[in-house]
Q: 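The structure is given below, and queries will be raised subsequently.
In each ligand, atom 1 is the first atom listed, and ligand 1 is the first ligand listed.
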Amino acid sequence: MKEHTTTRRAPGRNEPCWCGSGRKYKKCHASADAPGRRAAPAGGLDLRVGDRVRPGRVSPPRPLPATIVRPPYIANDGEPLQARVPARPRTPDEIARMRRAGRAAREVLVGLGDHVRPGITTDELDRIAHEHAIRLGAYPSPLGYHGYPKSICTSVNEIICHGIPDDRPLADGDIMNVDVTLYLDGVHGDTSMMFCVGEVSPDCRRLIAVTERALLAGIGAARAGNQVRDIGKAIQQVAEADGLGVVRAFVGHGVGPEFHSEPTVYHYYEPDARARLEPGMTFTVEPMLNLGTWRHTMWDDNWTAVTADLAPSAQFEHTILVREDGVELLTVVEGAEQPFLAG
Ligand code: MF3
Ligand code: CO
Ligand code: CO
């Protein structure tokens, strides 16, 4: 996801809440917005995870055969050629290529499930994904993007996103998001999901289940004719009904020939996101939900985003296509269900 940096002035306590509920701010999101808030119930959460995650050793970037076509930013020091690329409906040919890129990314992601177990390092998962991408003829988009050093993102426990694979072995009770983006045939497919390592606490299982439900609610709201803000509204409703925090600093994004383009897809209700969703648009929905506060801090590596209270975080991501007849999931394996298409 992209980092989203503009911030909103908090409303006055007696002003209408920013979320559009129509209630006064103090009766609605004031306490949820307050710094240092912890959602932990009395007695604390039963997290059953070990100590906080510490930065480990990162292995050198992995090589690729010269036959793998690099995305354009690789020839430009990892910087995209254009900072802000407007949203544009895709051509039928681009859509056909995005189905292939999306399917390839999902295959690599799902394939990692066979390897997740206590003791394996996230660096080994990175190697497995990297080699799988090469076998599919694809470039692992994160590698070198804005200087990112590895081929996938692995975000364990309190890591919200952009965790860098390293030599930390996974431990019993860990939860982990793995985010795979592949560049194939000139377009990107971007997808992520959660994995449980051994026996995971009930609170973490609930966090993961609600986050996946929030993703699907958001995708369901991405129908042609709706507005971008309907997506975040649906996600936020699912999250807050369960008392979970919605991360605001990282957003979904247009995806296609560019890794990140417009539209910016907020995962919370953003009243100003009035852009209409049109057939042919492709973008990601990738909500990050937290067991505690939605606020984050950054590791010194300037990539790894962690929850401010170190409570666990979960995320799921699909690349989707808005169609006249519904919403198509592009990041699915061959023959997968399409719950948002008629028929
Ligand atoms: N795949 C991430 C997303 O969902 C982006 C990762 S960029 C990286 O947008 F540089 F951190 F890899
Ligand atoms: Co993304
Ligand atoms: Co992603």
Side-chain angles (χ1 to χ4, degrees), residues 1-4 58 61-62 70-74 76-80 85 87 98 101-102 104-106 108-110 112 122 125-126 129-130 133 138-156 159-166 176-184 187-195 211-212 215 218-219 222 231-232 235 247 249-267 281-289 296 298-299 301-306 313-321 329-332:
M1 66 300 323
K2 277 195 313 194
E3 189 162 5
H4 174 66
V58 179
R62 294 180 206 282
R70 274 68 170 163
Y73 49 80
I74 294 304
N76 192 43
D77 265 356
E79 301 308 316
V85 177
M98 287 194 69
R106 194 69 182 187
V108 169
L109 177 61
V110 169
L112 290 173
T122 49
L125 296 173
D126 179 79
H130 182 89
Y139 183 93
S141 310
L143 184 62
Y145 184 66
H146 289 292
Y148 188 81
K150 304 305 298 179
S151 302
I152 60 173
C153 299
T154 50
S155 301
V156 175
I159 301 179
I160 296 168
C161 62
H162 302 163
I164 301 173
D166 64 18
M176 171 178 59
N177 173 275
V178 179
D179 192 331
V180 174
T181 311
L182 295 189
Y183 183 73
L184 182 64
V187 293
H188 299 269
D190 186 4
T191 185
S192 80
M193 61 187 278
M194 296 301 295
F195 294 98
T211 305
E212 188 163 28
L215 168 71
I219 294 173
I231 298 170
I235 290 168
V247 172
F250 301 92
V251 291
H253 51 91
V255 59
E258 294 83 25
F259 194 167
H260 293 104
S261 57
E262 294 300 312
T264 296
V265 180
Y266 304 90
H267 301 119
M281 290 176 68
T282 56
F283 53 85
T284 72
V285 182
E286 47 182 305
M288 288 140 276
L289 270 51
H296 79 282
M298 266 303 188
W299 280 7
D301 62 17
N302 259 309
W303 280 108
T304 310
V306 298
S313 182
Q315 177 180 30
F316 286 84
E317 174 175 24
H318 271 305
T319 298
I320 65 173
L321 165 69
L329 308 178
L330 295 176
T331 39
V332 286

Q: In Asp190, which N, O or S atom comes closest to the Co ion (ligand 3)?
A: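 Looking at Asp190, the N, O or S atom with the least distance to the Co ion (ligand 3) is OD1.
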Q: Short list, please: which atoms of ligand 1 are under 4.0 Å from a heavy atom of Tyr145?
A: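 Listed by number with element, the hits are 7 (S), 10 (F).
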Q: With a sphere of 6.0 Å drawn around CG of Asn76, does it hold more than 12 non-hydrogen atoms of other residues, nucleotides or ligands?
A: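 It does: Asn76 CG has more than 12 such atoms within range.
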Q: Examine ligand 1 and decide if any of its atoms is less than 4.0 Å from a heavy atom belonging to Thr181.
A: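 Thr181 counts as a contact of ligand 1 under the 4.0 Å cut-off.
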Q: What's the shortest heavy-atom distance between His267 and Gly252, and which atoms?
A: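 In this case the closest contact between His267 and Gly252 is CE1-N, 3.3 Å.
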Q: Can a non-hydrogen atom of Lys150 be found less than 4.0 Å from any atom of ligand 1?
A: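 False for this residue.
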Q: With distance as the sole test, does Asn177 use its side chain to make a donor-acceptor pair with the main-chain N or O of Gln315 at under 3.5 Å?
A: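 Yes: the side chain of Asn177 pairs with the backbone of Gln315.
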Q: Do you know which two heavy atoms are closest between Ala314 and Met194, and how far apart they sit?
A: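 So the minimum-distance heavy-atom pair works out to CA-SD, 3.7 Å.
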Q: Check each atom of ligand 1 against the heavy atoms of Trp303 and keep those under 4.0 Å away; list them by number with element.
A: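 In order of numbering, the contacting atoms are 8 (C), 10 (F), 11 (F).
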Q: Under 4.0 Å, heavy-atom basis, I'd like to know which part of Cys153 is in contact with ligand 1: side chain, backbone, both or neither.
A: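 The part of Cys153 near ligand 1 is the side chain, not the backbone.
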Q: What are the two closest heavy atoms between Asp166 and Thr122, and how far apart are they?
A: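 Scanning both residues, the minimum pair turns out to be N-OG1, 2.8 Å.
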Q: Quick check: closest heavy atoms across Tyr183 and Ser141, and the distance to 0.1 Å?
A: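 Distance-wise, the nearest heavy atoms are N-OG, 3.3 Å.
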Q: Within ligand 1, which atoms have a heavy atom of Glu317 less than 4.0 Å away?
A: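 Those of ligand 1 that fall under 4.0 Å from Glu317 are 4 (O).
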Q: Using 2.8 Å as a strict upper limit, say whether an N, O or S atom of His253 approaches the Co ion (ligand 2) that closely.
A: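 Of the N, O and S atoms in His253, at least one lies under 2.8 Å from the Co ion (ligand 2), which means yes.
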Q: State whether Asp179 contributes an N/O/S atom found under 2.8 Å from the Co ion (ligand 2).
A: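 Checking Asp179: none of its N, O or S atoms is under 2.8 Å.
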Q: What part of Thr284, side chain from CB on, backbone N/CA/C/O, both or neither, has a heavy atom under 4.0 Å from ligand 1?
A: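 None of Thr284 does.
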Q: Measure across Gly189 and Ala101 and return the closest heavy-atom pair with its distance rounded to 0.1 Å.
A: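 Taking Gly189 first and Ala101 second, the nearest heavy atoms are N-CB, 3.9 Å.
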Q: His253 and Glu286: side chain to side chain donor-acceptor pair (under 3.5 Å), yes or no, with the steps?
A: CA-CA 9 Å; His253 51 91; Glu286 47 182 305; 2.9 Å; yes
Q: Would Arg106 and Leu330 satisfy side-chain contact (heavy atoms from CB on, under 4.5 Å), going step by step from the backbone distance to the final call?
A: CA-CA 9 Å; Arg106 194 69 182 187; Leu330 295 176; over 6 Å; no
Q: In terms of atom number and element, which parts of ligand 1 are under 4.0 angstrom from non-hydrogen atoms of Tyr148?
A: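 Near Tyr148, the atoms of ligand 1 are 8 (C), 10 (F), 11 (F), 12 (F).
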Q: Considering all heavy atoms of both residues, which atom of Leu215 and which atom of Phe316 are nearest to each other, and what is their separation?
A: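 Heavy atoms only, the tightest pair is CD2-CB, 3.6 Å.
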Q: Which of the N/O/S atoms in Glu317 sits closest to the Co ion (ligand 2)?
A: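 Going by distance to the Co ion (ligand 2), the closest N, O or S atom in Glu317 is OE2.
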Q: Work out whether the distance between some heavy atom of Phe250 and some atom of ligand 1 is less than 4.0 Å.
A: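 The answer is no, since Phe250 has no heavy atom less than 4.0 Å from ligand 1.
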Q: Does some non-hydrogen atom of His146 fall short of 4.0 Å from ligand 1?
A: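 It does not; every heavy atom stays at 4.0 Å or beyond.
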Q: Find all atoms of ligand 1 within a distance of less than 4.0 Å from any non-hydrogen atom belonging to His253, and give their numbers and elements.
A: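 Heavy-atom distances to His253 below 4.0 Å select 3 (C), 4 (O), 9 (O).
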Q: What atoms of ligand 1 come closer than 4.0 angstrom to any heavy atom of Pro142?
A: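 In order of number, 12 (F).
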Q: Restricting to N, O or S atoms of Glu286, which is nearest to the Co ion (ligand 2)?
A: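 Going by distance to the Co ion (ligand 2), the closest N, O or S atom in Glu286 is OE2.
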Q: Hey, would you say the His188 and Tyr145 ring centroids sit under 6.0 Å apart?
A: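 Distance test on ring centres: not under 6.0 Å, no.
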